Q: 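Pasting a structure below so you can have a look.
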Amino acid sequence: MITLHELTIKKTHSLLLNKEISAFDLTKEFFDYIETKDKEINAYRLLLKDEALRQANEVDKKIAANENISFLAGVPLAIKDNILIKNNFATAGSQMLRNYRATYDATVIQRLKKSDAIFLGKTNLDEFAMGSSSENSAFEKPKNPLDLSRVPGGSSGGSAAAVASHQAIAALGSDTGGSVRQPAAFCGLVGLKPTYGAVSRFGLIAMSSSLDQIGPIAKNVEDAALILETIAGKDSYDETSENFQFQAQSIYERKDLKGIKIGLVKEIESNSFEKDLAISYQKSLDCLKQLGAAIEEISIPHISLSLPCYYVLMPAEVSSNLARFDGLRYSSSEKTGSLKDIYFETRGEYFGTETKRRIILGTFVLSSGYYDAYYLKARLVQALIKKEFGEAFKKVDLLVWPTTPTPAFKFNEKLNDLLAMYLSDIFTVPANIAGIPAVSLPIYGEGQLPYGLQFLASHFQEAKMLNVAYLFEQASNYGKFL
Ligand code: GLN
């Protein structure tokens with residue numbers, strides 16, 4: 001009997017290599033567990049049992065033949081349902097794609113397949129990744145395994161819930177404004193958004209193409225680094241991908257933080273944090289100082305414009321990206337009549353409320369007469385914010401602030417208060433606007449629920465950022481400060 005909740009990527013790798021378990025038995029064990037556990041969590045949309053067991057068999061053959069295997073070989077993962085796995089359904093949480101089957105693998109999937117990782121299934125999400133609680137899913141709403149009355153965060157809520165309930169060892173999510181980091185924070189996990197361009201977006205159902213990035217949700221920094229190493233790098237199918245190579249080994253380079261400068265952004269007012277967050281945040285800063293880091297206050301004067309800027313740029317791109325779902329392509333519609341009738345009726349029926357809201361908002365900011373006033377202005381503000389981050393990183397190595405203002409909230413708590421829902425992204429959106437990498441780690445105050453501590457670095461400085469994150473994770477005892 002294997003204890004699933006103790007498994008990390010590294011641990012699984014050594015168990016497999018030492019032949020203490022077989023990939024097949026491990027995968028089967030996960031499915032047996034998922035069969036009962038997921039009835040209460042709803043993390044998965046779709047299970048890929050046959051394919052996963054076949055993949056696992058292949059790994060066992062390689063191990064038996066003493067072939068070299070990668071760290072991810074035989075490791076069961078969960079994949080957000082907006083990332084394509086060939087021949088399988090990919091709904092992106094939308095009725096619009098309820099019948100859509102992917103005809104190719106996303107590049108990240110191809111790379112993980114090459115490493116012999118195993119895909120247990122596709123996970124629930126907010127429709128087209130738009131939301132902060134996964135409540136916008138057109139299907140099952142995943143629950144937070146730490147407290148079933150609370151949301152797991154969003155939009156990669158299913159991925160985070162799967163890992164936190166030990167129904168997968170790690171997962172992939174996508175992060176356009178925080179959707180990897182925020183659910184990771186809500187579920188007590190590590191969530192990494194790579195630099196824009198570090199990971200190919202080919203085969204990710206687009207939400208806002210200039211902001212979307214795929215990233216891992218894992219139990220620790222080490223596992224997140226191993227996944228990043230596998231999925232990162234140039235891809236000829238994504239012109240925005242860069243020739244970036246990340247070595248997971250680099251997170252062990254520094255043994256302390258002497259000589260590292262960490263910036264506190266003065267515009268993020270820590271005296272406004274709720275009490276338990278303030279406690280855990282202060283402990284985090286003390287821990288970083290003890291590791292030898294110099295903490296400095298710096299300014300990013302226009303950081304507070306990140307969220308308003310995001311809510312102009314993102315819907316503009318959403319409206320354009322989602323124009324392709326017309327009832328003729330991707331999923332056929334049973335609607336009849338003129339072409340216009342088919343468009344209207346299909347989009348009217350199969351898009352959810354939040355999706356329609358963003359399409360309308362995006363169409364508005366792009367329409368003639370408003371383009372200059374909203375869209376163009378938001379792009380200028382984005383350029384300004386990017387520049388200010390650039391200036392900040394001339395003075396400090398990393399920035400640090402919390403991932404979210406609150407821990408996981410209750411179901412329905414923010415569903416009818418849009419602004420409150422949007423404001424929950426206030427600390428995650430700046431990294432997407434600036435295109436920089438950010439990682440969220442769990443930290444605990446006096447209550448039961450975790451918060452997230454976020455480290456942010458300059459473009460392609462993942463090695464330094466994750467090295468610091470790893471040291472912090474170890475020194476803080478995974479954010480518990482015991
Ligand atoms: N919560 C944010 C939104 O609703 C972020 C979504 C995301 O990162 N995919 O837009």
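No experiment lies behind these values; they were computed from the predicted model shown. Both ligands and their constituent atoms are indexed starting at 1 by order of listing. Side chains are part of it too, since the values below use all heavy atoms of this structure and drop only hydrogens, waters and symmetry mates.
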Q: Using a distance-only test with no angle check, is there a side-chain donor-acceptor pair under 3.5 angstrom linking Asn82 and Ser174?
A: yes
Q: Look at atom 4 (O) of ligand 1 and find which of Arg358, Met421, Met314 reaches it with the closest heavy atom.
A: Arg358
Q: Out of all atoms in ligand 1, which are within 4.0 Å of some heavy atom of Met207? Include the element for each.
A: 9 (N), 10 (O)
Q: Measure from atom 1 (N) of ligand 1 to every heavy atom in Ser156, Gly131, Gly177, Ser424 and give the option owning the shortest one.
A: Gly131
Q: How far is atom 6 (C) of ligand 1 from its nearest protein heavy atom, and which residue and atom is that?
A: Ser179 OG, 2.9 Å
Q: In this structure, does ligand 1 have an atom that sits under 4.0 Å from one of the heavy atoms of Tyr422?
A: no
Q: Quick one: which ligand 1 atoms are inside 4.0 Å of a heavy atom on Tyr311?
A: 3 (C), 4 (O), 10 (O)
Q: Over 60° means perpendicular and under 30° means parallel, so tell me whether Tyr422 and Tyr311 are parallel, tilted or perpendicular.
A: parallel
Q: Number the atoms of ligand 1 from 1 as they appear, then name those within less than 4.0 Å of a heavy atom of Asp425, with their elements.
A: 1 (N), 2 (C), 3 (C)
Q: If we ignore angles and hydrogens, is there a donor and acceptor under 3.5 Å between the side chains of Ser165 and Lys143?
A: no
Q: Looking only at distances, can you tell me whether any N or O atom of Lys80, backbone or side chain, sits closer than 3.5 Å to an N or O atom of ligand 1?
A: no
Q: Do NZ/NE/NH1/NH2 and the carboxylate oxygens of Glu317 and Arg379 come within less than 4.0 Å?
A: yes
Q: Below the 3.5 angstrom mark, is there an N/O of Met130, backbone or side chain, next to an N/O of ligand 1?
A: no
Q: Over 60° means perpendicular and under 30° means parallel, so classify the ring planes of Phe273 and Phe427, tilted if in between.
A: perpendicular
Q: Ser159 and Lys80: side-chain donor and acceptor closer than 3.5 Å?
A: no
Q: Using a 4.0 Å cutoff against the non-hydrogen atoms of Ala129, which atoms of ligand 1 qualify?
A: 6 (C), 7 (C), 9 (N)
Q: Run the numbers for me: atoms of ligand 1, each under 4.0 Å from some heavy atom of Ser155, listed by number.
A: 9 (N)
Q: Quick one: does Asp175 get an N or O within less than 3.5 Å of an N or O on ligand 1?
A: no
Q: By number and element, which atoms of ligand 1 are closer than 4.0 Å to a non-hydrogen atom of Tyr310?
A: 2 (C), 3 (C), 5 (C), 6 (C), 10 (O)
Q: In terms of ring plane angle, is the pair Tyr370 and Tyr374 parallel, tilted or perpendicular, where the classes change at 30° and 60°?
A: parallel
Q: Ser94 and Glu127: side-chain donor and acceptor closer than 3.5 Å?
A: yes
Q: Could you tell me whether Glu354 and Arg358 have a side-chain N and a carboxylate O separated by less than 4.0 Å?
A: yes
